[in-house]
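Single-structure report; data block below.
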Amino acid sequence: MLMTTVQLDGDQTENLSCSAGASRQAFGDRVFFAVLTGASLIAPLILLLFVAVLAYGAWPSIREFGLSFLTSSVWEPNPERERYGAFPFIVGTLISATLALALAAPAGIGIATLVNEVLPSRLRGTARFLIEILATIPSVVYGLWGVFVLAPWVSGTLQPALAKPLGFIPVFGPPYEPRNMLCAVLILAIMVLPIIVSVSLDAIRSVPASYREAALGLGATRWEMVRIAVWPPARSGFIGGCILALGRALGETMAVTMVIGNGRRISASLFAASDTVASTIANQFAEAPSDLFTAALIEMALLLFVVTLSVNVIARWLIRPAARTGARP
Amino acid sequence: MSPVYRRWKSRLFLGLMGLALLVCLVPLASLLLTLVVKGGHVISLRFLTAGWQPVGERGGGIAHAIAGSLYLLGVATLIAAPLGLAKGLFLARGDRHWLTGPVRVLLDVMSGIPAIIVGVFVYTLVVRRGGFSLGTGFSLLAGGLALAMIMLPIFARTTEEAVRAIPPSVDEAGLALGLPRRRVVLWIVLRSAVPAVLTGLFLALARVAGEAAPLLFTAFGSNAFPGSPLEPAGSLPQLLFEYARQPFEELVRQAWGAALVLVAMILAVRLLTHAYTRWRYGGHGGHA
Amino acid sequence: MNLMETNLKPPASTPASPARPPRIVVDRLEAGFGRHQVLRSVSLDLPDRAITAVMGPSGCGKSTFIRCINRLHDEVPGAWARGSIAVDGQDLYAPSVDPVQLRRRIGMVFQRPNPFPTFSIYDNVAVGLRLNGTRKRAILDERVEQSLRRAALWDEVKDRLDKPGTGLSGGQQQRLCIARALAVEPEILLLDEPCSALDPVATERIEELLLDLERDYTLVMVTHNIQQAARVADRTVFLLLGELVEVGQTSDMFTNPKDPRTESFISGRFG
């Protein structure tokens, strides 16, 4: 409802027109909405600026290393022969995010289903509240807990329990380090869980009650009802929620930085210290020894930006239809 | 398949879901418990009101970081609130404008940018010396700007929803009184939406108050109380991150105290806004 | 015909006489949205200090018609209008006319009571004056009281002026909206089905109020309620599918409709 005009029909003299010179008010309104529009455009413009600024900052590194930046594992800040490759960090990011999602997705969808389809509505509110708290706790606080509670538990209890029977598999084999990939995976899983649960809940809630009644009317058990009538129509919402969670997991920084051990290498073992793109930036950016080093880190930021951006666009696109037809009153 | 088998299958899977819920509650319970126990030991009036002390000296507190956080959030609000309001109004009352679609999509996308990248971006554009950067160096201002960029999409979205909840008939009633549209939008529609807009602002603040990642290379951190906006500033999340990595028992203790303070502040804001919203809309049963 | 049961407004209160010039003259008014034409060449006169009912089945363009009179129709995206509407001889759609100024002279009350949310009762009435530049508290107080009294609401709300307007009952809210419109001192008051969302008791109070306001204002009221038109209107306009079918003294039209379509509508053969 911005500037509305009454269409002119030039032939007739007794036209009802709202001509521009008629009204100071119309001009004032136009100025007002122009200011509003201008202010609204600032942030989107900044977003477009993001790519330009990051690319500019990363340029020395892009020029120096080209594509080998993505595939090289050498990270050498030695001033005589600086060389940087982000491969281990990229792998670390992908592994931590994927495994976290593999843990959180079934749990999250299960919890959402349970909350909406099984729990009495009295408990429903409580469950939502707990999930809300989970989502509210800052990343650094998760990190603190990860360092002093989760990591000791993983290396003291989980690792011996898994290493004894399964240690011959490289994934559970040495090296055993106190802060490691598994800690990061677990903490990421906990952190993305609320996203998956809340998006899945929205998707499940938008499934019409008549579907459920139809399934129950056919004599389905509650589980069969879920499988037949609830999950299929909610599927795109589930996928959207998971991809949104993936985007979050890829970019999650503080907690991961604190518990992953900053290993800077690729290891088959979950118990080895590793690094992700985000944790490397967080750890080293402020102490970058040279301009090229900074540029390499900015290039990693650019990379992460492009990846999370695409992931988010896909997720939003998937969630959209579910939200449109959703249970809005 | 026998009905008995089907019934047990149903119970099995529902039971698994219940188990998932319980397993997820364990870390939450552990986290909250540790936080309250370890943090509770540290918190005292002195801890909350004293500034930083060198390791080894007794009586150090986190007041400088609390103050820094409040300053940073203040700067972020000063930047994000007007822009968010404009955006929210534009999206909710500029329906026919061809730019509303793109703006909304870009805002959505913006809310998905990892916080650490916002930090790198602000560093490159504002903090760093040289290039086309503003070259402010590590500063309160840069930190506030980074937080504002995270706040903005959240606040704009809630503002849009708040304004959209005001029915168009309100606009028409205002126009019918002989008021120009800008006054109707600003002084009637927006004012009608103020409670919901404020709720959104506080939720956005609660969301960014715990962010450390965008502050690492912008506000950087400081052991002093915040001074000039062009100097580095400390903050609770950043202090937490620093102290947790230190080998000193005393600093780790303080980190737990800071964590409890931070979580308590954020939860308090959330619960208060929640209660306020319920009181407001549960109260006199007015508009939706 | 069930006209015998209809409670016609006594002709004694009909001030319109051929000697007095009409207040509003509509000439070949056409209006619509985009390609959709709603009004087709409507021409008619509306008398001063009288209630004119605009009647017709839903979708016949009643609302569009009165929304052209205060040019609120302009505010809808894609809306257009042709022809002329003159008030006291001046064309409302002349380029020199500022629609914003115009709406201060021509107030409007809507179908659903729409007090401003989160505004107190006082602020609801005062906001029009305030935003038009009246700042003095004494003047505002006086005008608020005057308007609320005029809308027959003062006694019910005078002790809770600072309470939200949305807390009132539906009928009270609608009278609040009338007070709000009266506060900016219009000469003409447009009412778009003001009672359609109200119960019969509240409706009766509003109708009494309209009969009282008629002495000072020119009232144009859209209604699809035939009984209501008969009870309160001096003159009735009957629109069908955007065309003017008949206009005349209410008593004439109800007892002796000239057009067969009017007759069918009055006797209830249209929705």
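Just so it is clear: chains get the letters A, B, ... in the order the sequence lines come, proteins before strands, and each one is counted from 1.
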Which atoms of A206(B) approach chain A - backbone, side chain, both or neither, heavy atom under 4.5 Å: neither

L144(A) side, atom CG; R245(B) side, atom CZ - distance, nearest 0.5 Å: 13.0 Å

Heavy-atom pair with the smallest gap, counting every atom of T221(A) and S10(B): OG1-CB, 3.6 Å

Side chain / backbone / both / neither for L19(B) at chain A, heavy atoms under 4.5 Å: neither

Per-residue contact mode, Y243(B) against chain A (heavy atom under 4.5 angstrom): neither

Residues which pass ring-ring contact (aromatic ring centres under 6.0 Å, His included) with W223(A), listed by chain and number, not counting sequence neighbours: W231(A), F13(B)

Residue L14(B) versus chain A: region with a heavy atom under 4.5 Å: both

Shortest non-hydrogen separation from R6(B) to G219(A) and the atoms involved: NH2-O, 2.8 Å

Distance (rounded to the nearest 0.5 Å) between L49(A) CG and T124(B) OG1: 10.5 Å

Validation row: V263(B), P138(A) side chains within 4.5 angstrom (heavy atoms): yes

Nearest-0.5 Å distance that lies between atom CZ in F50(A) and atom CE in M110(B): 6.5 Å

Minimum heavy-atom distance I116(B)-G251(A), with the two atoms named: CG2-O, 4.2 Å

Top of I298(A), V115(A), V313(A) for chain B proximity - count of heavy-atom pairs under 4.5 angstrom: I298(A)

Considering all heavy atoms, the nearest A43(A)-K87(B) contact: CB-NZ, 3.1 Å

Portion of L152(B) that has a non-hydrogen atom of chain A nearer than 4.5 angstrom: side chain

Test item: E132(A) and H274(B) side chains (from C-beta on) under 4.5 Å apart, heavy atoms: no

S40(A) vs L99(B) side-chain heavy atoms within contact, under 4.5 Å: no

Exceeds 12 heavy-atom contacts within 6.0 angstrom, atom CZ of F202(B): no

Close side-chain approach of I111(A) to L21(B), heavy-atom, < 4.5 Å: yes

Exercise: identify the closest heavy-atom pair between W256(B) and W145(A): CH2-CA, 4.0 Å

Greatest number of heavy atom pairs closer than 4.5 Å to chain B - which of E117(A), M258(A), R227(A): M258(A)

Atom group of L260(B) that falls short of 4.5 Å from chain A, counting heavy atoms: neither

Heavy-atom contact with chain A under 4.5 Å, split by part of S30(B): both

Side chain, backbone, both or neither of V118(B) within contact of chain A (heavy atoms, under 4.5 Å): both

L85(B) versus chain A, the contacting section by heavy-atom distance below 4.5 Å: neither

Residue pairs, two or more places apart or on separate chains, that pass side chain to side chain donor-acceptor pair (under 3.5 Å) and touch residues 247-262 of chain A: S139(A)-E252(A), R248(A)-E252(A), N262(A)-D275(A), N262(A)-N283(A)

Aromatic plane relationship, F217(B) with F285(A) - under 30° parallel, 30 to 60° tilted, over 60° perpendicular: tilted

Which atoms of R128(B) approach chain A - backbone, side chain, both or neither, heavy atom under 4.5 Å: side chain

Beyond-backbone contact of L47(A) with I113(B), side-chain heavy atoms, under 4.5 angstrom: yes

Side chain proximity check, V141(A) to L31(B), heavy atoms < 4.5 angstrom: yes

Any L41(A) side-chain heavy atom under 4.5 Å of V103(B) side chain: yes

Shortest non-hydrogen contact between D29(A) and P180(B), atoms and distance: OD1-CB, 3.8 Å

Student check: side-chain heavy atoms of L32(B) and I137(A) closer than 4.5 Å: yes

